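Structure first, commentary second.
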Amino acid sequence: METVSRNFIEVEIDRDLREGVYDHVQTRFPPEPNGFLHIGHAKSILLNYGIARQYKGKFCLRFDDTNPSKEKEEFMQAIIKDVKWLTGDDDVEIRYASDYFDAMYAAAVRLIKEGKAYISTLSAEEIRSYRGTLTEGGKEDPDRNRAPEESLRMFEEMKSGSVPDGAMTLRAKIDMQSGNINMRDPVIYRVAHISHPRTGDKWCIYPMYDFAHPLEDAVEGTTHSLCTMEFEDHRPLYDWVIRESMPEGGTGEGKEWASTPRQIEFAKMYLENIVTGKRYIKKMVEEGIVDGWDDPRLVAVAALRRRGFTPEAIRQFVALSGISKAQSVSDYALLEYCLREDLKCKAPRVFAILDPVRLIIDNYPEGVTEEIGIENNKEAPELGTRKLPFSRELWIEREDFMEEPVKKYHRLYPGNEVRLMNAYIVTCTSCEKDAEGRVTAVHCTYDKDTKSGMPGADKKVKGTIHWVEASSAYTATVRLYENIIDEEKGVYNEEDGSLNLNPDSVRVCEGAKCEPSLKDAQAFDRFQFVRAGYFCVDEKDHTPGAPVFHRIVSLKSSFKLPAT
RNA sequence: UGGGGUAUCGCCAAGCGGUAAGGCAACGGACUCUGACUCCGUCAUCCGAAGGUUCGAAUCCUUCUACCCCAGCCA
């Protein structure tokens with residue numbers, strides 16, 4: 001058994017367990033339902049879920065729905081779908097921060113009673129100017145020493161609905177001179193007369209993230225609150241809230257909270273050159289450049305799913321990417337590698353010609369069709385076999401013929417022998433061209449003793465190409481997607497608002513010739529077009545009888561035709 | 001001297017005083033009825049820089065440099 005090194009979070013948890021700080025582990029993924037999840041969230045989901053599984057603890061999806069002005073029910077449904085898909089767990093426990101509003105309110109009342117929080121009547125602008133700057137301390141709020149009784153009364157007013165938005169806030173009394181701006185008497189409750197998707201009009205005051213989050217974690221028994229680095233300097237406040245709001249320390253006799261959680265931060269995941277900015281994507285959606293957040297060229301979780309990525313591949317990608325505190329940018333190539341690895345033994349290999357040219361076997365009898373038996377995937381016999389028709393006229397890939405071959409080219413050129421996969425060895429004789437000199441057909445002769453499986457099939461040839469029988473070929477549309485990448489110039493021009501996109505982000509191959517088995521688009525979930533990569537059916541574009549196949553990921557290719 | 005954080009191969013990332021794991025990418029070569037896959041091999045005398053401590057440092061100390069985050073009644 002190989003020793004796999006543990007990431008720094010596991011090391012911390014191990015120590016907590018060893019020292020008896022906790023006797024179990026519980027984690028959570030706490031998104032605000034204000035948008036779609038992307039690959040970066042996948043890291044957090046899988047990290048939190050994975051830790052819980054590994055330590056035989058609990059995990060939950062908790063919506064951080066403390067700001068009704070930004071949150072939408074549709075996003076909750078999308079997030080639930082993505083989390084279930086990524087984790088493969090249909091029974092994921094789902095919770096809502098809004099279910100704890102009563103507990104949070106009670107905690108705020110306690111802080112007020114103990115003189116640790118006060119009602120401020122400063123405006124937002126005033127609070128900002130009183131806060132000071134990055135290099136200078138702040139000024140104390142004139143309301144800072146308001147008597148607890150009065151603050152309590154005013155807090156009740158806020159809650160009752162008689163206070164207009166922005167007129168009062170509840171501030172924690174900490175330290176206006178702190179070097180950490182989060183500790184300069186942060187606002188912990190604000191007035192917002194907005195109906196909440198889940199609590200309706202019950203509340204018109206809502207807790208701020210810094211106050212709500214630690215309490216949410218504590219209430220539901222979270223032990224390790226894993227979040228990204230930008231929250232690192234919120235941790236002192238997180239700890240302050242927990243300590244100051246829990247009279248018994250959360251674990252004493254009259255404990256009111258299920259746990260005393262601990263926040264640990266890790267670095268976000270970024271993908272090299274990949275556009276993740278919401279404003280850019282929003283603009284692309286608005287301008288019709290992409291057809292939504294799940295456009296296959298994007299990296300939202302929904303987009304990856306539609307593109308045909310498997311959750312297994314994404315899990316592996318996150319696992320291989322590693323966890324650390326160092327700012328990092330992952331290679332898209334690693335994601336592709338993970339997908340190829342996953343699909344390699346799952347996907348049947350099928351024939352399709354994306355850029356077809358006719359191949360005519362001049363010495364093959366006319367009017368004859370034979371059947372060629374093929375294993376769906378040699379590395380996965382359980383995937384079964386299928387039969388393909390073969391006759392005198394076939395379709396082959398345009399790039400599989402060169403009238404004047406370049407060095408190391410082993411495919412068809414006059415005089416060269418090539419194996420037609422699973423069928424015969426043919427010798428190229430000539431080609432036909434149209435007025436512009438474009439090749440319209442290739443001629444060859446075959447050796448009937450070289451059929452696969454026959455004694456004469458041992459003959460070695462350097463090249464092997466795939467093919468599709470012409471009369472039975474099934475014509476489909478194939479889309480080759482590339483990611484919409486952010487080149488060095490930037491995908492979005494701040495000055496004129498224009499988008500700078502790679503024009504080849506999608507290449508459509510109309511008239512691709514596929515083997516007949518693909519007529520039933522449902523035949524295979526994901527499949528590999530020989531030498532073209534892995535494909536699947538686009539569920540959004542699927543119309544019965546006319547499926548659109550699109551590429552999930554390319555194969556590695558080590559022979560490149562020289563640029564013309 | 002605002003506060004916080006990070007610096008190990010092109011990209012991730014182990015390492016925690018004993019003489020630089022691993023993966024991706026890349027490059028050779030073998031194999032191959034997919035130029036895929038597989039397989040073998042190569043790929044940091046050096047760990048942001050400079051000093052110091054030590055028999056010995058990426059790991060300890062000092063100074064410096066670069067980059068990231070923070071001034072929402074967002075999360």
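These numbers come from a predicted model, not from an experiment. Letters A, B, ... are given to chains in the order of the sequence lines, protein chains preceding strands, and every chain is numbered from 1. What you see below is based on every heavy atom in this structure, not just the backbone, and it leaves out hydrogens, waters and symmetry mates.
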Between C1' of B/C27 and NZ of A/K556, the distance in whole Å: 11 Å
Gap between atoms CD1 and P, on A/I323 and B/G15 respectively (whole Å): 14 Å
Whether A/F559 stacks on the six-membered ring of B/G35 base, 5.5 Å and 30° limits: yes
Can you check the distance between [N] and [M], where both ends of the measurement are the [atom1] atom (answer in whole Å)?
{"N": "B/A13", "M": "B/A58", "atom1": "C1'", "result": "14 Å"}
{"N": "B/C9", "M": "B/G5", "atom1": "C1'", "result": "24 Å"}
{"N": "B/G22", "M": "B/C43", "atom1": "P", "result": "11 Å"}

Backbone of A/F351 reached by a side-chain donor or acceptor of A/E515 within 3.5 Å: yes
Exercise: do A/Q327 and A/Y270 side chains pair donor with acceptor under 3.5 Å: no
Base, sugar-phosphate, or nothing for [X], non-hydrogen atoms under 4.0 angstrom?
{"X": "A/M208", "result": "sugar-phosphate"}
{"X": "A/Y189", "result": "nothing"}
{"X": "A/E341", "result": "sugar-phosphate"}
{"X": "A/S123", "result": "base"}
{"X": "A/R419", "result": "base"}
{"X": "A/E336", "result": "nothing"}
{"X": "A/M421", "result": "base"}
{"X": "A/G453", "result": "base"}
{"X": "A/N67", "result": "sugar-phosphate"}
{"X": "A/H234", "result": "base"}
{"X": "A/L122", "result": "base"}
{"X": "A/T133", "result": "base"}
{"X": "A/A457", "result": "base"}

Only distances under 3.5 Å count here; give the side-chain donor-acceptor pairs of residues 39-47 of chain A to other protein atoms, sequence neighbours excluded, each with its distance to 0.1 Å.
unit_1 : atom_1 : unit_2 : atom_2 : d
A/H41  : ND1    : A/H38  : N      : 2.9
A/K43  : NZ     : A/A267 : O      : 2.6
A/S44  : OG     : A/N48  : ND2    : 3.4

By nearest atom, which of the nucleotides [options] is closest to the [X] side chain?
{"X": "A/D233", "options": "B/G3, B/A75, B/C73", "answer": "B/G3"}
{"X": "A/S324", "options": "B/A36, B/G23, B/A13", "answer": "B/A13"}
{"X": "A/H410", "options": "B/G35, B/C74, B/C37", "answer": "B/G35"}
{"X": "A/I127", "options": "B/G35, B/C73, B/U32", "answer": "B/C73"}
{"X": "A/D64", "options": "B/A75, B/G35, B/C73", "answer": "B/A75"}
{"X": "A/K344", "options": "B/A75, B/U6, B/U38", "answer": "B/U38"}
{"X": "A/E232", "options": "B/A71, B/G5, B/C73", "answer": "B/G5"}
{"X": "A/Y409", "options": "B/G35, B/G5, B/C74", "answer": "B/G35"}
{"X": "A/K70", "options": "B/A71, B/C74, B/A36", "answer": "B/C74"}

Any A/T66 side-chain N or O less than 4.0 Å from OP1/OP2 of B/A75: yes
Any A/K378 side-chain nitrogen or oxygen under 4.0 Å from OP1 or OP2 of B/U32: no
Partners passing side-chain contact (heavy atoms from CB on, under 4.5 Å) against A/S321 (at least two apart in sequence or in another chain): A/M269, A/F317, A/S330, A/L334
Report the relative orientation of the aromatic rings in [X] and [Y]; use parallel for angles under 30°, tilted for 30 to 60°, perpendicular for over 60°.
{"X": "A/Y424", "Y": "A/F390", "answer": "tilted"}
{"X": "A/Y209", "Y": "A/H213", "answer": "tilted"}
{"X": "A/F155", "Y": "A/Y105", "answer": "parallel"}

Syn/anti state of B/G51 by chi, 90° boundary around 0: anti
Which residue lies more 5' along RNA chain B, comparing A/R235 with A/G166 via nearest heavy atoms: A/R235
Residue met sooner reading RNA chain B from 5', once A/R131 and A/L420 are mapped to nucleotides: A/L420
Among A/R262, A/R6, A/H224, the one residue meeting side-chain hydrogen bond (donor to acceptor under 3.5 Å, both in side chains) with A/E12: A/R262
Electrostatic pair A/R18:A/D14 at N-O distance under 4.0 angstrom: no
Using a cutoff of under 3.5 Å, can you pull out all pairs of nitrogen or oxygen atoms linking the protein to nucleotides 65-67 of chain B, with atom names and distances?
none

RNA chain B: stems of at least 3 consecutive Watson-Crick or G-U pairs whose donor-acceptor distances fall under 3.5 Å: B:2-7 with B:65-70, B:10-12 with B:22-24, B:26-30 with B:38-42, B:48-52 with B:60-64
Short N/O separations, protein against nucleotides 8-11 of chain B, under 3.5 angstrom:
unit_1 : atom_1 : unit_2 : atom_2 : d
B/G10  : N2     : A/D331 : OD2    : 3.4
B/C11  : O3'    : A/V329 : O      : 3.1
B/C11  : O2'    : A/V329 : O      : 2.7

Listed once per pair and sorted, the salt bridge (Lys or Arg N to Asp or Glu O under 4.0 Å) pairs that draw on residues 372-385 of chain A, sequence neighbours left out: none
